[in-house]
Each structure stands twice: as structure tokens, then as C-alpha cells.
Amino acid sequence: MSKLVVVTGGAGFIGSHLCNRLKAENYTVISLDNYFTGSRDNHISGVEYREGHTKDIEKHVPETPDIIYHLGEYSRVEKSMEEPDLVWDLNIAGTFGVAEYWRKRKCKLVYAGSSTKFGDGGLSRDATPYAWTKASNTELVSNYGGWYKLPYAITYFYNVYGPRERAGAYGTVVEIFRQQYAKGGPLTVVSPGTQKRNFTHVDDIVEGLMLVGEKGGGDDFGLGNEREYTILEVANMFSNEITMLPERAGNRLASGIDTTKSKSLGWSAKHGLEEYVKEITGK
Ligand code: UDP
């Protein structure tokens, strides 16, 4: 019998890559997605897709999995300032539903935490509804693990890019730049442009999730490429035609990365952003 894995957010950018890899390794995979940003275009053959809110996970997934990968949360930083009610519903009510499901099923939980917890020397953890809910959920998960003696591992993603990344209102910068470049237009850089990020290829993230799922325990599995770039540097990899946009509340200036625990499992980032952009521009 193959192991049963539930992936919340399985129809999303990162979740779909994880589902693909799990299927390739012969796991039975159920995705639970609310299709807020997830898409049916991301569906992977052989995965069973269920539509619904994570707060209702017990109703949608009555099975008992071996592992839950909880990736299905509201995931934009600056945008979260405009809609705290939605962030609360998806990340607080939703994740509490997943925690309760986990407590009753007694399986392993792998939580997709956010590296915003460590940005700007720790200040960015409280700077937006997104960062704060994600950071408090890491406490919820580690406390549930301790209170109820449940196996878990908490990962922290750093600016993930790659195929199936989104642009638009809920998009991320590399794909936004890729599409602006493809249209021949200027690239929109949010001021000051000197803010730094650790861009990490989605294949490296999935490799880390697999290792942590198999043999990781506890908090602090940072999954990020150590190489930092400013947003202006990233824009310039595509083009020199740039339009500066005004500053945005909640926009951290620096990340803050620690991958020690992931490396102890044999993980390291194998892909670089420059090679990805070069494949796009042919330069
Ligand atoms: N950003 C930008 N231009 C855009 C979209 C985003 O300069 O059109 C900036 C954004 O302000 C942030 C960085 O790029 O400083 C990374 O943003 P993203 O939303 O990709 O990820 P975040 O670091 O916020 O999780």
C-alpha cells in the first residue's frame, strides 16, 4: 500500500509541483484547494482533487493520511494589508481547522511557513496581516506538536519562482517581470528597489519538502537560496527599461536566512535565478 498524502493548496503554484513529485514517487495524493489562487490548469494526472476551505478539511478529507502538507493559505505580503478579514479566514480559521484535523488523525504535519518571520531583523513578522498570521501559525503548529505529542516539521520558504508562478494581483515579482518583459513594456520596480530577497527555484523547495516530509522533525527548516539580489538587480537581469513605483507598506528591506537544519538533511539550493532569467531572455 502506498502512503496517503494530503496537500492543501495542491492546485497552487508550489503545491502543484509538490503533487507532481509525490505522484512520481508513488504516493497516493489528495489535494484540498479552495481555488482562490489555485487553478485547474495546474492539475496533475493521478492526483485526486477536492474543492473546499481548509476549515472544513474533516468534511472534505475523511481519510487518515500519513502526512499532511499544509500549503493552502493566503500568501501575499503587501496585498494582505488591504484585506485582513480574508487573511484571517484563510490563515487563522483555515489553519485551525487543519490543526484540529491533524490532532484527531495523529499523522505528520509539514507546515509551509513564511520567511517574512525573519525579515528586517525580525521586525517584518508583525509588519503585515500575512506575516503575522504565518508566524503565529508556526507557534500554533509547534504548540500542538508539544501538547498532543504529534509529529511535525515547519519549513520556511524564501521568494519562490519557477514554472506555473502567478502574475497579477496575487502574483510574485519574477513572473510579473517575465510577463512585462514578454510584452516589451517597462518593468515596475517598487521603491526603493534596494530591498533584497533570496530567490529560490520551486524545484529546490519541493526537494526540501520531500526531505523534511521523510525525515525532518521540529521547527526551523529554512528553504532558501543563500544568494541575495536586490529587486533592481532582478529587473536589470531582464531589461534596463524600468518604471519606479511608490513605496508600499509592509515591504521589508532585507530577508534573513538560516538553512542549517535543512542542510543537515542533505538539502541545498541547486538552481540560480540568473540561469532561469537567461533562459527567458536568451541573453
Ligand atoms: N515588487 C516589485 N515590482 C512588482 C511587484 C513586486 O518591485 O511589480 C517588489 C515587492 O515590492 C517586493 C519584492 O518585489 O519588495 C518581492 O515581492 P513579491 O511579492 O514577489 O514577494 P514578497 O517578498 O513580498 O513575498
Side-chain angles (χ1 to χ4, degrees), residues 9 12-15 36-37 71 73-84 86-87 90-91 112-135 137-138 155-202 204-205 222-257 273 276-277 280:
F13 161 44
I14 303 168
F36 172 59
T37 53
L71 276 62
E73 291 189 307
Y74 182 103
S75 69
R76 299 314 323 130
V77 183
E78 296 145 50
K79 179 104 183 130
S80 74
M81 293 291 276
E82 299 164 20
E83 43 197 13
L86 181 59
V87 184
L90 297 177
N91 292 9
S114 167
S115 59
T116 47
K117 184 172 164 181
F118 312 113
D120 291 339
L123 290 177
S124 108
R125 84 166 263 154
D126 290 330
T128 57
Y130 166 77
W132 176 76
T133 57
K134 294 287 287 191
N137 284 345
T138 62
T155 58
Y156 295 91
F157 298 172
Y158 288 78
N159 291 76
V160 189
Y161 67 90
R164 301 204 281 273
E165 186 180 344
R166 278 186 305 277
Y170 292 95
T172 39
V173 72
V174 174
E175 182 61 17
I176 292 170
F177 284 175
R178 191 188 73 76
Q179 294 193 13
Q180 290 172 337
Y181 170 82
K183 285 191 194 123
L187 272 57
T188 53
V189 173
V190 173
S191 295
T194 49
Q195 65 271 35
K196 290 181 185 153
R197 296 289 188 273
N198 295 82
F199 290 96
T200 310
H201 194 282
V202 66
D204 286 327
I205 296 289
L223 294 174
N225 194 316
E226 313 271 323
R227 176 76 161 90
E228 281 186 338
Y229 294 100
T230 68
I231 300 305
L232 269 169
E233 283 173 327
V234 177
N236 283 323
M237 287 179 203
F238 286 92
S239 160
N240 293 326
E241 257 192 79
I242 282 162
T243 303
M244 294 303 295
L245 300 181
E247 290 195 16
R248 289 180 187 164
N251 193 359
R252 64 202 181 281
L253 285 179
S255 14
I257 182 160
L273 181 61
Y276 181 73
V277 179
I280 294 162

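All ligand and atom numbering here is 1-based and tracks the order in the structure.
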Next item on the list: Establish, from distance only, whether the side-chain atoms of Thr116 and Lys134 form a donor-acceptor pair under 3.5 Å.
Entry: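 No, no side-chain donor-acceptor pair sits under 3.5 Å.
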Which protein non-hydrogen atom lies closest to [atom], naming both residue and atom, and how far is it?
{"atom": "atom 24 (O) of ligand 1", "result": "Val77 CG2, 3.6 Å"}
{"atom": "atom 23 (O) of ligand 1", "result": "Arg197 NE, 2.6 Å"}
{"atom": "atom 19 (O) of ligand 1", "result": "Arg76 NH2, 2.8 Å"}

For [atom], state which one of [options] supplies the nearest heavy atom.
{"atom": "atom 11 (O) of ligand 1", "options": "Thr128, Leu253, Asn251", "result": "Asn251"}
{"atom": "atom 1 (N) of ligand 1", "options": "Ile242, Thr194, Val173", "result": "Val173"}
{"atom": "atom 4 (C) of ligand 1", "options": "Ile231, Thr188, Thr243", "result": "Thr188"}

For [X], atoms of ligand 1 separated by under 4.0 Å from a heavy atom:
{"X": "Thr172", "value": "20 (O)"}
{"X": "Gln195", "value": "11 (O), 15 (O)"}
{"X": "Val190", "value": "1 (N), 2 (C), 3 (N), 7 (O), 11 (O)"}
{"X": "Val189", "value": "7 (O)"}

Notebook entry, point to check: Between His201 and Tyr161, how do the two ring planes meet: parallel, tilted or perpendicular, split at 30° and 60°?
Noted result: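 Taking Tyr161 first and then His201, their aromatic rings stand perpendicular (interplane angle over 60°).
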Margin query: Taking 4.0 Å as the limit for heavy-atom contacts, which would you say applies to Ile176 with ligand 1: side chain only, backbone only, both, or neither?
Written below: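 Under 4.0 Å from ligand 1, Ile176 contributes side-chain atoms alone.
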Note to self: I need the contact type for Asn159 against ligand 1. Using non-hydrogen atoms and a strict under-4.0 Å cut-off, is it side chain, backbone, both or neither?
What the structure shows: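 Answer for Asn159: side chain.
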Check whether any side-chain heavy atom of [X] sits under 4.5 Å from a side-chain heavy atom of [Y], and report yes or no.
{"X": "Arg76", "Y": "Tyr130", "result": "no"}
{"X": "Gln195", "Y": "Val190", "result": "yes"}
{"X": "Thr230", "Y": "Val234", "result": "no"}

Could you check whether any side-chain N or O of [X] sits under 3.5 Å from a backbone N or O of [Y], counting only pairs where one atom can act as donor and the other as acceptor?
{"X": "Asp120", "Y": "Leu253", "answer": "yes"}
{"X": "Thr243", "Y": "Pro186", "answer": "no"}
{"X": "Ser255", "Y": "Gly119", "answer": "no"}

Can you check whether [X] has an N/O within less than 3.5 Å of an N/O in ligand 1?
{"X": "Arg248", "result": "no"}
{"X": "Gln180", "result": "no"}
{"X": "Glu78", "result": "yes"}

Notebook entry, point to check: So, for Phe36 and Tyr170, is the gap between ring centers shorter than 6.0 Å?
Noted result: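 That pair passes the under 6.0 Å test.
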Margin query: What's the separation between atom CD in Gln180 and atom CD in Glu175, rounded to the nearest 0.5 Å?
Written below: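 Result: 10.5 Å between the selected atoms.
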